Amino acid sequence: MLKDKIINLFKDAIKKALDAGELGQLTEVPNEIDLDKCKNPDHGDRAISIAMKLARDAKMAPIKIAEAIVKYLDYKSIGSVTVVPPGFINIIFDWNCLEGSLVEIHREKENFGYFDKTKKEKNKILVEYVSANPTGNLHLGHGRQAALGSALASLLDWAGYDVFSEFYINDAGVQIEKLSASAKAAIQIQEGVIPESEYPEEAYPLESMLDVLKPEVYSEKLQAELDSDSNLKTKVDYKTLDAELAGKIAKDLFIDLQTKVLGDMEVRFDNWFSEKENLHQEKDNKVTEICKILEDNGNLYDQDSALWFKAKHYGDERDRVIQKSQGVYTYLAADIAYHKNKFDRGFDKLINIWGGDHHGQEPGIRGAIKAINYDPDLLELIFIQMVSLQKDGVEVKMSKRKGDIVNVDELLEEVGNDALRFFLIDSQANNRMVFDLELAKKQDKDNPVYYIQYAHARAASILRNLSSAKINIETKEEEAPELSEAELQDLEKTIFTKPNEILQAFSGESVDEDSLQTIRTLILELIEFPNVIEDAAEIRAPYKVSVYLKNLASLFHQFYNENRIIGVSEELMKARLSIALASKTVIANALRLLGISAPEKM
RNA sequence: GCGCCCGUAGCUCAGCUGGAUAGAGCAACUGCCUUCUAAGCAGUGGGUCAAUGGUUCGAAUCCAUUCGGGCGUGCCA
């Protein structure tokens, strides 16, 4: 990568300047040197501000440091540099250098930006996200977690991590009991056994139960259950319906529904981790085991006939109940067991994506991890704040209250996956966001998804048109295509591997300065892609990729408008084509990373 | 009350591990289609970076305090 090359050149220069004793009291080469973008293109392509940062330690004026560094800098292979007060070192790349980077994009194609996994140590990451209870459909909040979580998993994968994604199914405990009561009542209402007025108050919304518990579905499942259970051919008796069975059916239906909705969002997990099956087994119960470990460590105590974990000792604001007085374990107990299980599977890093309203649980789980002698620093929590929906200009707050839920599948149907994912990814996780329904539905330039996809489609259409025959408007005769199929196939070999020829075409033509600057800016942005991935992965921020894409698309449209490709000299055509195709490659890669389609035609 | 998060253009947001003149998109207004997709481009207007103080060569960015908003503060999950 060009960036690494430049940083290394600067490190070498600083080392030489140090050895020559020209950097004052500075004693060592800095570990980190940032390569900054220039806000003003007149300043150059990239800037280094290390001289200002070293000024304090060196006890020298920044500009003197910059001059000393440049004196030893071998910049010939990248271009030219200038030193500007108060101490910026500005870099202007020469064409060959930019061209070399373009060739790299063409060479790597769909792998451009994808980092080698063998180069990273300690790179096994588990990303757990969504983890909705199997007691209802997925609402917009889950949708944001799904979009961001899957985009993050993908981003980390691109950045060279070995990513494993997981959905924790919370299929044990009180919410399942509540689901059972809800499901039983919902079925009995539909069978006329009880009136709707008798639907329990402390139950999940009836409407959401009715969504999955349809007569033809539950009757078949109940009958199947009955048949497998006995040899008697009896009919289902809805009056004596077993709540647990009704709950199990509802749970399975909700898991199926969630799986389908997530699949429609291009969200797939490596593992669906069932709490019930993995932690609450009859034999070798992991939750009781965790309590025993905590007890042996002296981290538990009895009070009011409940078992308490000494969370306060580990930094929480108070102690937490782990087993209620009636003997039931709390959510925390299972969660500790789950985290122990994750650690025991040998990941180097655990990332949990939680709803922002769960942030109060962080000290508790961290404390517990410490209490069972695992390293809480390996656990990273990402909190995703609420999404509110804007409809007809009015903001409707999302909450779990009855009737106020907007489900992901409805949104998917309304705006499509590309727009849904993009909008949900395109903002920082720990900021609340507003989902503008009308904007997401728009299929025009106002909608950033279409704007980006359109850039890709435009690039694709150039390629298509190059190799297809044209009809002359005046003579109505068919003319030969610009490139034959064979030439098109050969494109990469013929125009993309000769670094000294591609961009020189521009200097031979009467290309105006603005157009050249557009091209420079576009190429610089294209080769920025791997850096964007690295930076975004580092701070776990997929939205950086979407922000990058919007900017890149804008630069491409600008380029497209200023530079015709078909109908110019062959030299110029190839030079421009190489840029258009590199753009197509990078846009496609970035969209793929985000789980959004890159259409060839729109 | 305490804890966490947020506050940048009318709206939605970038920029925040300190760097050069604070940027996009939408909305408003003005140009550009006989030429590769106008789902586009070019241009104009729009700011007390919530406020105050501090740190320093330099602060939207870091620190403190204040104000405003959200969430949390259960033997719920």
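So that the names make sense, note that chain A is the first sequence line, chain B the second, and so on, each numbered from 1. Treat the numbers as computed from the prediction; the structure is a model and nothing was measured. Only this structure's heavy atoms are used, side chains among them; waters, hydrogens and symmetry mates stay out.
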Ring pair (Phe, Tyr, Trp, His ring centres under 6.0 Å) against H557(A), all qualifying residues, sequence neighbours excluded: Y451(A), Y454(A)
Under 4.0 Å protein heavy-atom contacts per nucleotide of nucleotides 17-23 of chain B, with B for base, S for backbone only and - for none: --BBB--
Partner residues of S80(A) under the side chain to side chain contact (heavy atoms under 4.5 Å, CB included) criterion, sequence neighbours left out: I92(A)
Distance test, side-chain N/O of N447(A) to OP1/OP2 of G25(B), below 4.0 Å: no
Gap in Å between the two P atoms, one belonging to G58(B) and one to U21(B), rounded: 14 Å
F383(A) CZ to C5(B) C1', straight-line distance once rounded to whole Å: 10 Å
All stems with RNA chain B, defined as three or more consecutive Watson-Crick or G-U pairs under 3.5 Å: B:1-7 with B:67-73, B:10-13 with B:23-26, B:28-32 with B:40-44, B:50-54 with B:62-66
Backbone of Q453(A) reached by a side-chain donor or acceptor of H456(A) within 3.5 Å: no
R458(A) side chain near A38(B) phosphate (N/O to OP1/OP2, under 4.0 Å): yes
Touch class at under 4.0 angstrom, heavy-atom based, for R564(A) against every strand present: base
Gap in Å between the two P atoms, one belonging to U8(B) and one to A60(B), rounded: 15 Å
Side-chain (D436(A)) to main-chain (L439(A)) donor-acceptor, under 3.5 angstrom: yes
Closest listed nucleotide, where the reference is the side chain of I565(A) and the choices are C36(B), G70(B), A39(B): C36(B)
Pairwise C1' distance, A27(B) and C11(B) [rounded to whole Å]: 8 Å
With E528(A) via side chain to side chain contact (heavy atoms under 4.5 Å, CB included) - residues at least two apart: K37(A), R46(A), N531(A), V532(A), Y548(A)
Spacing of F435(A) atom CZ relative to C11(B) atom C1', expressed in whole Å: 16 Å
Nucleic acid footprint by protein, nucleotides 72-77 of chain B - heavy-atom cut-off 4.0 Å, B for base, S for sugar-phosphate alone: SSSBSB
C1'-based separation of G46(B) from G10(B) [nearest Å]: 9 Å
Y543(A): ring pair (Phe, Tyr, Trp, His ring centres under 6.0 Å) partners, not counting sequence neighbours: none
Side-chain N,O (S427(A)) to OP1/OP2 (C13(B)) below 4.0 Å: no
Toward the 5' end of RNA chain B, by each residue's nearest nucleotide, Q385(A) or A457(A): Q385(A)
Residues in side chain to side chain contact (heavy atoms under 4.5 Å, CB included) contact with A459(A), at least two apart in sequence or another chain: F556(A), K584(A)
Any Q558(A) side-chain N or O less than 4.0 Å from OP1/OP2 of A42(B): yes
Y204(A) backbone acceptor or donor facing S182(A) side chain under 3.5 Å: yes
Partners passing ring pair (Phe, Tyr, Trp, His ring centres under 6.0 Å) against Y129(A) (at least two apart in sequence or in another chain): F269(A)
Spacing of Y451(A) atom OH relative to U37(B) atom P, expressed in whole Å: 17 Å
Sugar-phosphate only, base, or nothing, as touched by K544(A) at under 4.0 Å among non-hydrogen atoms: sugar-phosphate
Rounded P spacing from A28(B) to C71(B) in Å: 33 Å
d(CD, E525(A); C1', A14(B)) in whole Å: 13 Å
A22(B) and C32(B), which share atom name P, separated by this distance in whole Å: 33 Å
Y560(A): partners by ring pair (Phe, Tyr, Trp, His ring centres under 6.0 Å), with sequence neighbours left out: none
Sugar-phosphate, base or nothing in reach of Y543(A), heavy atoms under 4.0 Å: sugar-phosphate
No-hydrogen, no-angle side-chain donor-acceptor test under 3.5 Å, N352(A) and H339(A): yes
C6(B) phosphate, OP1 or OP2, under 4.0 Å from N430(A) side-chain N/O: yes
U55(B) versus A9(B) - spacing of their C1' atoms, nearest Å: 30 Å
Atom-to-atom span, OH of Y560(A) to C1' of U35(B) - whole angstrom: 10 Å
Protein-nucleotide distance (L437(A), atom CG; C11(B), atom P), rounded to Å: 20 Å
Phosphate contact (U37(B) OP1 or OP2) by N465(A) side-chain N/O below 4.0 Å: yes
Results of salt bridge (charged side-chain N to carboxylate O under 4.0 Å, His left out) for K550(A) - residues two or more places apart only: D426(A)
With N561(A) via side chain to side chain contact (heavy atoms under 4.5 Å, CB included) - residues at least two apart: R458(A)
Between A64(B) and G3(B) - P atom distance, rounded Å: 12 Å
Chi-angle category of C32(B) [syn within 90° of 0, anti beyond]: anti
Donor-acceptor pair, side chain of W308(A) and main chain of Q303(A), under 3.5 angstrom: yes
Separation of atom NE2 in H557(A) from atom C1' in C32(B), rounded to whole Å: 16 Å
Rounded distance (Å) that lies between atom P of C32(B) and atom CD of E562(A): 18 Å
